[in-house]
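Note that these values count all heavy atoms, side chains included, but never hydrogens, waters or copies made by symmetry. As the structure lists them, so they are numbered: ligands from 1, and atoms in each ligand from 1. Positions are given from 1, in the same order as the sequence printed here.
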Amino acid sequence: MQITGAQLFVKALQAEQVDTLFAYPGGQAIDLFDALYGAAVPKVILPRHEQGLVHAADGYARSTGKTGVCLVTSGPGATNLVTGIATANYDSVPLVCFTGQVPTGLIGNDSFQEVDIVGITRSITKYAVTVRSREELGSIIKKAFYIAATGKPGVVLVDIPKDIQKAMGSDSYPDTVEIRGYRPKPSVHIGQLRKALELLNRSARPLFLVGGGVNIARAGREMTRLAELTGVPVVSTIMGKGAVPSGHRLYVGNIGIHGSFAANLAVSKCDLLFSIGTRFNDRITGRTETFAREASIVHIDIDAASISRNISVDIPVVADAKSAISALLEKAEPLPTGEWLAQLERWKQQHPLRMKPSALSPQAILQAVNHCFEDAIIATDVGQNQLWATQFLALDEHRRFLTSGGLGTMGYGLPAAIGASLGNPRTDVLVITGDGGMQMNLQELATAVVYELPVIICIFNNSCLGNVRQWQEMFYQRRYSSTCLRYRKSCPVPCTGPGENCPEYTPDFIRLAESYGARGIRVTTPEDIEPALLEARNRKNGPTVIEFMIEREENVMPIVPAGNSLGDMILGEEDNVYGKKMDQPAGRE
Ligand code: FAD
């Protein structure tokens with residue numbers, strides 16, 4: 001039977017079992033939307049901005065394990081996806097993004113709403129393609145879903161010109177796909193794994209480094225069993241957090257520029273770093289020359305290109321984390337790690353993660369979240385709110401975490417939580433955000449309201465862009481350039497504040513929430529934290545915005561200044577190393 005390209009598009013989504021499509025219409029996508037009209041599946045979600053849309057698809061994908069699917073029009077619709085595409089691709093999130101395009105005969109003419117979206121996104125996607133003929137439409141869509149979800153997951157963009165959407169052609173959609181040279185699931189190389197195990201058995205101070213790949217492979221349970229079987233302690237990147245429960249006796253903490261004292265020291269002092277599913281990016285290595293310098297390094301990763309890219313390793317193993325850990329479980333044995341564990345425990349006790357006491361500290365809020373929500377998905381924004389969340393949220397397979405790690409995209413939290421809530425209607429979904437990040441995709445409050453999503457939005461309002469403000473305080477002699485969100489035209493320049501005469505904060509988040517039809521609660525005292533969270537938890541037919549008025553000068557500690565080794569942490573004012581380290585050469589953030 002002959003059908004239009006647009007009809008085949010809908011048939012393809014149904015064949016790929018896409019239940020939710022995040023979509024925003026426009027002139028060059030109108031035929032695709034017309035074909036979707038009245039279809040029972042997929043359910044079409046209309047966010048309020050294409051950036052919100054793609055983050056929502058990302059949150060949906062991360063929280064369900066399915067591929068997130070987007071549909072937008074050409075030109076500005078397509079370019080509004082760019083930040084979200086880069087965000088997802090960096091963090092290995094499977095997305096298929098469809099963009100409408102001007103008719104093939106007009107491509108290259110600077111036509112109305114024409115951009116070369118394939119060229120723009122080539123370096124931030126796994127694959128991007130413009131469909132050139134109606135005949136290849138089905139096979140390209142099939143490939144797109146396959147490539148996005150297999151191997152190291154990522155983003156695929158399919159650009160469909162308007163004439164191809166309208167053209168008649170075959171109604172058949174392929175069942176299988178074959179791409180020459182693309183081997184997404186390498187089988188575990190048993191010889192390499194045996195070598196890795198021999199090294200593990202010989203080491204005196206072994207350490208597992210668990211990265212995002214373990215969560216992507218959904219191998220947390222296997223990883224926890226491996227740690228328990230061998231007695232080897234575990235540190236994680238923030239993307240690997242939760243794979244081994246944060247409260248587990250063998251879990252030491254996050255590593256990196258905001259890692260814990262014990263975890264960073266463990267990396268510096270271990271004699272074997274057995275790493276699984278991590279990219280060794282600069283946020284976790286600090287100065288690469290001194291990273292884990294006393295250790296041999298094993299690296300298991302599904303992507304051969306990730307291995308020895310930033311840190312050269314002794315034993316590379318290209319494999320899926322779940323398959324590799326399962327194979328290790330068959331051969332691994334208990335190791336005498338008692339003394340090493342005792343040393344790690346001493347380091348933990350010496351400098352635990354803690355904040356300076358303040359009236360309404362982020363630590364107290366996050367601990368209340370731990371207390372009130374056993375089963376939840378927690379999305380963060382980017383900045384201090386995110387880093388405190390990585391430090392103080394207790395994560396495991398029940399309390400899961402969505403964050404923009406690689407790109408560090410402000411504005412990610414709210415739309416990602418909307419996607420997670422749509423994909424997990426029976427799970428509580430929270431957003432930990434800042435007053436800066438919240439304003440970057442604020443319009444998505446409307447999406448949460450109209451789809452009656454009970455998302456709980458916790459705004460840590462310190463009336464500034466806190467992470468950059470912290471760097472200015474610590475490394476730029478308190479020259480607070482463009483980080484105050486209370487600034488108004490009437491303020492003195494340069495600012496000498498903050499002080500009593502600071503202008504009112506704008507917007508009023510509570511009135512703003514109410515104007516959208518959401519519930520708004522402002523919390524100014526510690527006693528009100530849990531009641532606010534519980535009230536929000538009980539509200540099941542729409543979002544609640546809780547604005548926590550936190551101190552402006554609250555900092556994320558420890559911190560490794562840019563260009564330093566992981567061992568060179570500034571721990572905090574109370575440890576009296578804060579001032580000393582401030583004299584070190586400033587790095588660029
Ligand atoms: P990812 O970036 O998710 O990489 C996953 C790896 O696993 C890739 O190599 C991939 O090929 C591989 N993989 C994928 N699927 C599989 C599979 N099935 N099997 C095996 N391997 C697989 N991070 C920290 O850890 N500490 C910090 O202090 C820190 N500070 C930050 C500060 C800010 C302000 C921001 C925005 C981010 C910060 N980050 C920090 C996050 C950091 O930028 C990186 O996102 C993070 O460290 C990456 O962790 P990862 O390499 O483990 O995971």
Aromatic ring proximity, centroids under 6.0 angstrom, Phe475 and Trp471
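They qualify: ring centres under 6.0 Å apart.
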Q: Between Ile284 and ligand 1, find which residue part has any heavy-atom pair under 4.0 Å and reply side chain, backbone, both or neither.
A: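 For Ile284, only side-chain atoms sit under 4.0 Å from ligand 1.
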Short N or O distance, [X] and ligand 1, threshold 3.5 Å exclusive:
X      : value
Ser92  : no
Gly256 : no
Ile302 : yes
Gly211 : no
His258 : yes
Ala217 : no
Lys152 : no

Open item on the list: I want to confirm something. Looking only at heavy atoms, which of Ser323, Gly408, Gly405, Pro153 is nearest to atom 43 (O) of ligand 1?
Closed with: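 Going through Ser323, Gly408, Gly405, Pro153 one by one, Gly405 has the nearest heavy atom to atom 43 (O) of ligand 1.
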Close approach of [X] to ligand 1, heavy atoms, under 4.0 angstrom:
X      : value
Gln386 : yes
Gly240 : no
Asn254 : no

Anything under 30° is parallel, anything over 60° is perpendicular, the rest tilted; go ahead and classify Trp388 against Phe460.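 Rings of Trp388 and Phe460: tilted, as their planes differ by 30° to 60°.
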